[in-house]
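Reviewing the structure listed below.
As a basis for the values below, the full set of heavy atoms in this structure was taken, side chains included, without hydrogen atoms, waters or symmetry mates.
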Amino acid sequence: MTSFLLCIAQYLIIMVVLAAIGVCGALIGIKLRKSKDAKKAAEETAAEDK
């Protein structure tokens with residue numbers, strides 16, 4: 001019985017780790033996209049000023 005509970009606990013830990021990696025990846029992707037969009041907007045504004 002204890003080995004069964006340990007197996008379930010192991011899978012739960014793996015699930016939490018994978019979910020955390022997914023969330024971190026999404027947050028990094030959002031940050032990079034916002035940075036890219038801000039850079040592009042700044043370039044367009046600079047081009048319009050010339």
Co-members of Val23 in a cluster of I, L, V, M, F, W and Y side chains, linked at under 4.5 Å: Leu27

Partners meeting side-chain contact (heavy atoms from CB on, under 4.5 Å) with Leu5 (sequence neighbours left out): none

Do Phe4 and Met15 belong together in a cluster built from hydrophobic side chains that touch within less than 4.5 Å? yes

Enumerate the residue pairs fulfilling salt bridge (charged side-chain N to carboxylate O under 4.0 Å, His left out) with a member in residues 9-18, sequence neighbours excluded, ordered by first and then second residue. none

For residues 28-40, which side-chain N or O atoms pair as donor and acceptor with protein atoms under 3.5 Å away, sequence neighbours left out?
from  : atom 1 : to    : atom 2 : distance (Å)
Arg33 : NE     : Asp37 : OD1    : 3.4

Excluding sequence neighbours, so at least two apart, what forms side-chain contact (heavy atoms from CB on, under 4.5 Å) with Leu6? none

